A.B. asks: 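One structure is given below, represented as structure tokens, and several questions about it will come after.
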Number of protein chains: 2
Amino acid sequence: MTIYDIAREAGVSASTVSRVINKRPGISESTRKKVQKILDEYHYIPDVAARGLVTQASRFIGILIEDIRVSHHTESAYVIEQEMTRQGYTCITFSTGGDSKKKAQYIQILEQRRVEGAIFIGSMFEIEEVKESVKQHLSNIPIVVMNGDLDLPNTYSVQTDEERGIEEAVALLAQKGRKNLAYLMDVANPANKRKQRGFTTGMLRLGMEGAERMIFAEVDGTAGPRSSVERGRMETVELLKKMPAVDGILCETDMLAVGCMKELKRQGIRIPEQTAIIGVDNTLYGQVCSPTLTTIDNKSGDMSLAAANTLMDVLQGRPVNHRMILPAEVIRREST
Amino acid sequence: MTIYDIAREAGVSASTVSRVINKRPGISESTRKKVQKILDEYHYIPDVAARGLVTQASRFIGILIEDIRVSHHTESAYVIEQEMTRQGYTCITFSTGGDSKKKAQYIQILEQRRVEGAIFIGSMFEIEEVKESVKQHLSNIPIVVMNGDLDLPNTYSVQTDEERGIEEAVALLAQKGRKNLAYLMDVANPANKRKQRGFTTGMLRLGMEGAERMIFAEVDGTAGPRSSVERGRMETVELLKKMPAVDGILCETDMLAVGCMKELKRQGIRIPEQTAIIGVDNTLYGQVCSPTLTTIDNKSGDMSLAAANTLMDVLQGRPVNHRMILPAEVIRREST
DNA sequence: CTGTTAGCGCTTTCAT
DNA sequence: ATGAAAGCGCTAACAG
């Protein structure tokens, strides 16, 4: 079914049909009715790709995520997709994985599809290869980076102040009388570097010595949820050997914290009496485990909405800041 | 940058450039090199929509999910997207929500985008409105329904035998000496109806009387992960009132089971000594909670792969069965 | 108010 | 081996 088939059937020209479809003014009510009837009869739906070819608008938005299975990424993808769909755009979403070459490949796919804008979810996109690829392939469409920054004329950054959130968490631990704090790290990426800095400054600010020494182990690789739990467990084994007096542990992610708690419980260490635990992300896992987990909520829902809105603003020519920072919030539960 | 710009720059015709891009034979090595050089220089990427217009192939696959935030749906979307991307297709994924009218709307969007195939994830698509909409808008492309069936000439069904899995779970409970079994239900949908039937037959087969009476409460609405946990908790409150002697509870989903366990623990009921619990879905939540949850693995990863493969098979003209059923597996953990 | 024409970026005969 | 021309389904001037 093409517009010509409809036109022939209705005894009018293709442009008239087009006008009816697009609700353009300047058409007699009678022809409109006549054409609409045929349209309905055949359940005609226009080919938006063909339309896009002439209007030069794909109505596509590209979304790149490192791994959609990570729960706060899922949440982000969901919020953005809902919002964009509501605005008449269609989202093309890819889980790129950790590999930077692959990220560049996906950027090419976005160009192939002529997306009108893009959102990159996660600080792992804050790397040189991506920046270069964006310059080459997506330099004239707006791109919003969540929890990261690419610092290009066409990129916008929406972040949560996790660094500050971690500082507050350190303060909370200190206030609870904890003296021997450790920081458990997950995968190395820019956002996590910022969190780590938050721990260091938080410690220094409270006059706690040897912050460096207390930072634990850095691991490379991909941050799958299942692997993070296991890593948390293993890091805790090591931690307890090196620092038996530890009484407060700050974990870079909830999943890490969940693994950490598993091991502490296995060794008969009571939470929070002997050791307090704090995670990051405010996932459902932190509510499901027991004791329930104190966590730093990085407001991924708010951030996602802000990202979607920012993109729409740029797309519709409204003025927008290139950087936007939302506050994080410490959510207190049983583990502290 | 269009193919004509490249052609002019290289001093050849557009068709020659097209031939180089598509690696067609019958072109001299020298022109190929010359053209390729310009192509690389300008980082040229073809517009697949324009290509699709002439080749009549969008290379799009549509994916409809009720809610991508439900963890086994996320997993499915991930597996399918990876597989399809590997095959050169691009996925357009939508979270449709529970509303059946909305589902029909999304089907229209898939037609607008001229997807070449589609996968519907979840039994909630097994409804008349969807079937009608598919007949009207997607009657000539292959559609794979996961965990459900639409029973149309162009639809294919891939399912896990959860019914049988539940039967086995009932047998496990009986074998552990449990006499007073209850079945906690989540949201009403076709897949859950099948599970419920599994419980009933499982009970009857073991000669356990009054199966009906033991089936608990049916709730309508959307099955968000957070709401399911809360519902599990509340249903358990009711259950313990009506059936204080309950010593084995089968929950329709892990999330429900997690909520159920939360309440049992709150009331000081020991798991599994006093009451054994079994969930469905084999989510990470079941590994994170304590005690860890015995669950029925519905193999969503396998099912997703099977769905993706089935779709590819049809797309490439290989013979395919219209129905495919995979076995479920009971995973034993601490809660039994 | 409606039809004719051209063209979006690409591929594909058909000539040469 | 290469180019010219037509056309995919649609919209957008421009006429009338």
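In what follows, every chain begins at residue 1, and chains take the letters A, B, ... in the order their sequences are listed. These numbers were taken from a predicted model, which means no experiment stands behind them.
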A.B. asks: Does A/Ser28 place a side-chain N or O at less than 4.0 Å from the phosphate oxygens OP1/OP2 of C/dT2?
C.D. replies: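 A/Ser28 to C/dT2 OP1/OP2: side-chain N or O found under 4.0 Å.
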A.B. asks: C/dG3 phosphate, OP1 or OP2: any side-chain N/O from A/Thr16 under 4.0 angstrom?
C.D. replies: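 Checking C/dG3 against A/Thr16, a side-chain N or O does come within under 4.0 Å of OP1 or OP2.
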A.B. asks: Around atom NZ of A/Lys34, are there more than 12 heavy atoms of other residues, nucleotides or ligands at under 6.0 Å?
C.D. replies: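 Buried by this count: over 12 neighbours within 6.0 Å.
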A.B. asks: Is the distance from OP1 or OP2 of C/dT12 to the nearest side-chain N or O of B/Arg24 less than 4.0 Å?
C.D. replies: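 Answer yes for this pair, as a side-chain N or O of B/Arg24 is under 4.0 Å from OP1 or OP2.
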A.B. asks: Students often get this wrong, so: under 4.0 angstrom with heavy atoms, is A/Val12 touching a base, only sugar-phosphate, or nothing?
C.D. replies: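 Since only primed, P, OP1 and OP2 atoms lie under 4.0 Å of A/Val12, the category is sugar-phosphate.
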A.B. asks: On DNA chain D, compare the nucleotides closest to B/Val54 and A/Thr55; which residue's is nearer the 5' end?
C.D. replies: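 Looking at the nearest nucleotide for each, B/Val54 comes out on the 5' side.
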A.B. asks: Starting from P on D/dC10, measure out to CD1 on A/Ile21 and report it in whole angstrom.
C.D. replies: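 Value for this atom pair: 7 Å.
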A.B. asks: Quick one: A/Asp5 CG to D/dC8 C1', roughly how many Å, whole number?
C.D. replies: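 One finds 13 Å between C1' of D/dC8 and CG of A/Asp5, rounded.
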A.B. asks: Whole-Å distance between C/dT5 P and A/Ile3 CD1?
C.D. replies: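 In whole Å, C/dT5 P and A/Ile3 CD1 are 17 Å from each other.
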A.B. asks: Return the 5'-most residue of the pair B/Ser13, B/Leu53 with respect to DNA chain D, ranking by each residue's nearest nucleotide.
C.D. replies: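 By nearest-heavy-atom nucleotide position, the 5'-most residue is B/Ser13.
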A.B. asks: Taking the six-membered ring for Trp, is the centroid-to-centroid distance between A/Tyr106 and A/Phe125 below 6.0 Å?
C.D. replies: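 No: the rings miss the under 6.0 Å criterion.
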A.B. asks: Is the distance from OP1 or OP2 of D/dG7 to the nearest side-chain N or O of B/Gln56 less than 4.0 Å?
C.D. replies: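 No.
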A.B. asks: Within 45° of the ring axis of A/Phe60 and under 6.0 Å from its six-membered ring centre, is that where the NZ or CZ of A/Arg113 lies?
C.D. replies: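 No; the conditions do not both hold, so A/Arg113 does not lie above the ring face of A/Phe60.
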A.B. asks: Roughly, in whole Å, what's the span from NZ in B/Lys33 to P in D/dA1?
C.D. replies: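 The distance from NZ of B/Lys33 to P of D/dA1 comes to 15 Å, rounded to the nearest Å.
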A.B. asks: Can you find a side chain N or O atom of A/Thr31 that sits less than 4.0 Å from OP1 or OP2 on C/dT2?
C.D. replies: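 Yes, such a contact exists.
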A.B. asks: With nearest nucleotide decided by heavy atoms, which residue, B/Ile45 or B/Arg19, maps closer to the 5′ end of DNA chain C?
C.D. replies: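 Upstream on the strand: B/Ile45.
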A.B. asks: If you check every side-chain atom of A/Ser15, which of D/dA4, D/dA12, C/dC10 has the closest atom?
C.D. replies: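 In terms of side-chain proximity for A/Ser15, the closest of D/dA4, D/dA12, C/dC10 is D/dA12.
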